[in-house]
Every structure is written in structure tokens, then in C-alpha cells.
There are 2 protein chains.
Amino acid sequence: MNPSKFIVSVDSVIFGYCAGTIYTPLYNRGRSKADPFPGHWSLAGGPLRPNESLEDACRRKLEEDLKLKVEYLEQLYTFGDPKRDPRNRSISIAYFALIKLSEEKIENDDTQMKVHWFPISQLPKSDWAFDHRQIVATAIERLKAKVTYEPIGFNLLDTEFSIPQLQNLYEAILERDLDRRNFAKKIHSFDLLIPTRTIRAGRGRPSQLYKFDTKQYKRLQKEGLLFEV
Amino acid sequence: MNPSKFIVSVDSVIFGYCAGTIYTPLYNRGRSKADPFPGHWSLAGGPLRPNESLEDACRRKLEEDLKLKVEYLEQLYTFGDPKRDPRNRSISIAYFALIKLSEEKIENDDTQMKVHWFPISQLPKSDWAFDHRQIVATAIERLKAKVTYEPIGFNLLDTEFSIPQLQNLYEAILERDLDRRNFAKKIHSFDLLIPTRTIRAGRGRPSQLYKFDTKQYKRLQKEGLLFEV
DNA sequence: ACAAAAGTGTTCACCTTACACCCATGA
DNA sequence: TCATGGGTGTAAGGTGAACACTTTTGT
């Protein structure tokens, strides 16, 4: 008795940060009759190829469809409910991606590719394809949880960033205000930021820029550092 | 262009607790020539059926092969490396299961079914089938991490248990000693144990037995309880 | 009465939290 | 010189770690 075979896809939930808001892109599906969810919102993703790894498939799709360079990619969860695709049984391995996002990206995608970048607090209330709403919800949960105990937030910011910028990012993700002084103290206590000596002018006092010390982090991680915001 | 189809399996890493030790069962594969890993150790698992959910497939396999009633089941990770099965491309969705284990189980399985229950600190050093060693390693990591922030340990104990028994379980999982007084204080602070009035005699003073208050936990969970050992 | 195991209480150090002040720039 | 935003310090409260004593049983 040979085992059954299944359609296997990868789908990615992508998060980008811009001007105080976390965005995620969704495709507006075409209106073709063949589509089980015409005009509905769906994730970036597609069928796995016979000889590529799951992660390679994700990166390929994100590169092909959205011209995105992914900073961080991790497996989220596998969705395999027999009824998730009305046409045929399919398994979707969902991934969770973080990118550095620019304003142009948010706007251009909108017109050219039927892609719309939604603030995660203003996602569509209905018209989701498949179980993609649930996948996005799972990803947002993961983002909120993980950002508090692993330094993944840096992947959403420019290589150089200030402490207040970092704080704004955390506030956007966690959806609550943080105390400036305590936040800075905490971040500095990990000793994972390298001052880049650069100073950038804004309105008030210029802020010190830093870059994240990846090597140092990996070193400390082995010794059991606990990063916790 | 039709999407490719893949063999999809579920594999479960099962944990049971008995007399101060965490055990996990492994199959010793037959010596048939068809087997790519003759005589190697592998997990409980097998191909997914066309119309069953991933979780149902796990429960079915555990019931069929090990006659086990699972107390707790959660998805662990999906392994899909193109080279993980030398015969053909396959995707394995790994699950993580907790059961209530008895001494007879550990011994009987050994003789009858080519199943051997290994203490997780004394797993085979070699002769693992597929990527199952990595899957087990991932599961052990998950167990250690999760037990500290979610009350899953109770699924490994009898319905009625004492605080010292619970502590021994935690010490076995975390592989370090815990202070009796602080542990009891912590556990009681959650207010999730119902004394069953039963008293059990051992050597010294008899200990109070409790059962875990699942309903209360679900209630508190919604209000954002944080269980942390 | 003594050993063994269970149950409870107290102290101290540290970390988190709340909060106030000073500094450097643009307008 | 005033408003705006960035940077640092400090005191109070709560939590976790270390630790000692009492209780109840079997031998």
C-alpha cells in the first residue's frame, strides 16, 4: 500500500515596520472563475518544488513576487486541516518573515501588484482566502511573544538606529507604552549595541545611533544570556 | 502546470515520567532490505491519510502502535529537508505528546513490540533513522522551555499528586535541583491546585494530594495569568 | 527517640517601576 | 529663549534566592 501524496505549499506572513506602524502585505486575488476565493485576501506563498527546502521555497516566493530581501525567517506552524482548501487536500507550512520596509515599498506595491500593505491593527475584517486569517493571527501572536525574549526587532529597523526608534518599534509591536528611561536602561544592560558615533539631527537633541552586535549576541547566547524586554 | 505532490507523515515524540526519570519510546526498525535504516531507532509515526487532520493522524498512530492514550498533544515543527529520506522526498510534521506512564508499560513494550523506552538523558548515541535524532532534540528543548511557562507538567503525573512529586518531575525535566520551600510557595501562589483531602503514607510525614484545576486555569489564562516556574 | 520526609515562615539582595532633572538642538 | 526630543540617575516596592524550624510518620 503506497502512501497518499499531498499538495504542499509554503505561505509567509511578512512583517515590516515604518513610521510607528507594523505592516503586513496581502494579495488581492484575481476574479477568475477558477479561483475558490475570488477577490479575497491571501498570503505570499505557493507550492513547494520537488527539490527545494521549505525555507528556500519561502525565500524564492518572496523574491519572485515581492522583490523582498528577507532579514529574518522562521517556521511558524503547519496548517493541514482537510477542509482548508475547498478544491483539494493541501498542507501549508507557514513561515514568519521580518524585513526592512520603506515608504515607497508600501505605496508602490499597492498600485502595481495587487498587493496591499495593511497595518496589523487594521486588517480586513472579512474576505480572507483559505485559513489565512488564522495564519496571520498566529504570526502576530508569535511576533508579540518572541520580540520580548529574543532580539528579533532589529531586523525591522535600519542597520543604524537610535534607542528611541527602537522603543517606538517595541511600542508598536506590543501595543503599549514603555517608559523611556527604563527601556534605555534595559537595552543598555545587555551590552549588545555598538555606538556608530554618527549623530543624526531631528527636532530636539540629536540621538546616538547604534548597530546591533550580532557576533556578541551569539557569543552571549551560548552562555545563556536572557534577553527580555 | 500542476503542483508537485509529496509524501506527508506525522511523527510523534512522546514523553512519559516514571520514578524520577523522563522517558521517550523509540522503535527499533526491522532488518528488511527495503528499509533505508535497518535496525535504526525511529519515532512513532507514519503517513498521513487523505481525509484525516494532522492531529488525528498522530492520535491514530499512537493508539494503533503503542496503545497509548495521549494527555497532551501539540505540533512541534515540520521537517522537510529534501534529503531527509534517502528514498524519496517526504515532509514530516512532528508532534510533541505527553502521557501518563506506568512501570509495566516501560518493561512490556520492550519485549513485545521492538519498542524501547529511553531515559532522555541516555538516548542512543548513533543509529538514528532519518532526522529523528534532531526531532527528538527539538522536542526536548521544547519540553524544557514550555514546562517553565505553561502548566503542562501535570499531564505527566497521576490525576492526584503531591507537591514533592511535582517538584521531582520538574527537577527531572529541567535537570537541576529546586528549593523545596520556594517551589511550594510558587506553585501555591497560582491557586490552581485543589486538595483532594487524601493522605498517602510513605516513609516520613504523609503528603497532601492535589489535583490540577483545569477550569480555573482556563479562566485565569484569559485574564492573562502568567504561570512561571 | 530518632531518622526521614512534608509543611511553613523570614530575611536579604536584586530587579522592576515610577518618577525628575539636565542636555542639545531648531525655530 | 522656548519648545522639543534625547540622555541619565534615584528612591520605593515587589519578587526570587537562601535559609531554619516544626510536624508527622515508620522503625
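Protein chains get the first letters and strands the later ones, always in sequence-line order, with residue 1 at the start of each.
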Exercise. Please report the C-alpha distance between B:Arg60 and B:Glu64 in whole Å, then the side-chain angles of each, then the deciding distance to 0.1 Å, and finally whether the salt bridge (charged side-chain N to carboxylate O under 4.0 Å, His left out) criterion is met.
Key: CA-CA 6 Å; B:Arg60 173 175 59 75; B:Glu64 280 174 12; 3.5 Å; yes

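- The aromatic ring centres of A:His188 and A:Phe190 sit 6.0 Å or more apart.
- Residues forming a side-chain hydrogen bond (donor to acceptor under 3.5 Å, both in side chains) with A:Thr138 (at least two apart in sequence, or on another chain): none.
- A search for side-chain hydrogen bond (donor to acceptor under 3.5 Å, both in side chains) contacts involving B:Arg29 returns B:Asp35, B:Ser42, not counting sequence neighbours.
- In summary, the aromatic rings of A:Tyr72 and A:Phe154 are positioned with their centroids too far apart to meet the 6.0 Å limit.
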N/O to N/O distances under 3.5 Å, protein versus nucleotides 8-12 of chain D:
| unit_1 | atom_1 | unit_2 | atom_2 | d |
| --- | --- | --- | --- | --- |
| D:dT10 | O4 | A:Lys185 | NZ | 2.8 |

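- Atoms CZ (A:Phe183) and P (D:dG6) sit 12 Å apart, rounded to a whole Å.
- Ring-centre distance between A:Phe130 and A:Phe79: not below the 6.0 Å cut-off.
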List every contact pair, protein side and nucleotides 2-5 of chain D side both N or O, where the distance is under 3.5 Å.
none

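- Counting all heavy atoms, side chain and backbone alike, B:Leu101 lies closest to B:Cys18 at CD2-CB, 4.4 Å.
- Considering A:Lys215, A:Arg219, A:Gln221 in turn, A:Gln221 is the only one that fulfils the side-chain hydrogen bond (donor to acceptor under 3.5 Å, both in side chains) rule with A:Tyr217.
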Quiz prompt | Steps toward ring pair (Phe, Tyr, Trp, His ring centres under 6.0 Å) verdict (A:Phe118, A:Tyr23) | solution = CA-CA 5 Å; A:Phe118 287 93; A:Tyr23 292 89; 9.5 Å; no

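- Contact check on A:Glu74 versus A:Arg142 returns a salt bridge, with a Lys/Arg side-chain nitrogen under 4.0 Å from an Asp/Glu carboxylate oxygen.
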Practice problem: Dump the intermediate steps for salt bridge (charged side-chain N to carboxylate O under 4.0 Å, His left out) on B:Glu71 and B:Lys69, then the final yes or no. | Solution: CA-CA 6 Å; B:Glu71 294 288 326; B:Lys69 188 179 161 291; 3.6 Å; yes

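- Residues B:Phe161 and B:Tyr210 place their aromatic rings such that the two centres sit no closer than 6.0 Å.
- As rounded to whole Å, 12 Å separates atom C1' of D:dG6 from atom CG of A:Leu209.
- Separating the CD1 atom of B:Ile199 from the P atom of D:dT23 is a distance of 16 Å, rounded to the nearest angstrom.
- Close approach of DNA chain C to chain A, defined as any atom under 4.0 Å from a non-hydrogen atom of the protein, starts and stops at C:dT16 to C:dG26.
- Within residues 146-155 of chain A, no residue has any heavy atom closer than 4.0 Å to DNA chain D.
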Practice problem: Might you work through the salt bridge (charged side-chain N to carboxylate O under 4.0 Å, His left out) test for B:Lys67 and B:Glu63, ending with a clear yes or no? | Solution: CA-CA 4 Å; B:Lys67 313 292 176 217; B:Glu63 172 64 34; 5.8 Å; no

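- In this structure, CG of B:Leu178 is placed 16 Å from P of D:dC19, rounded to the nearest angstrom.
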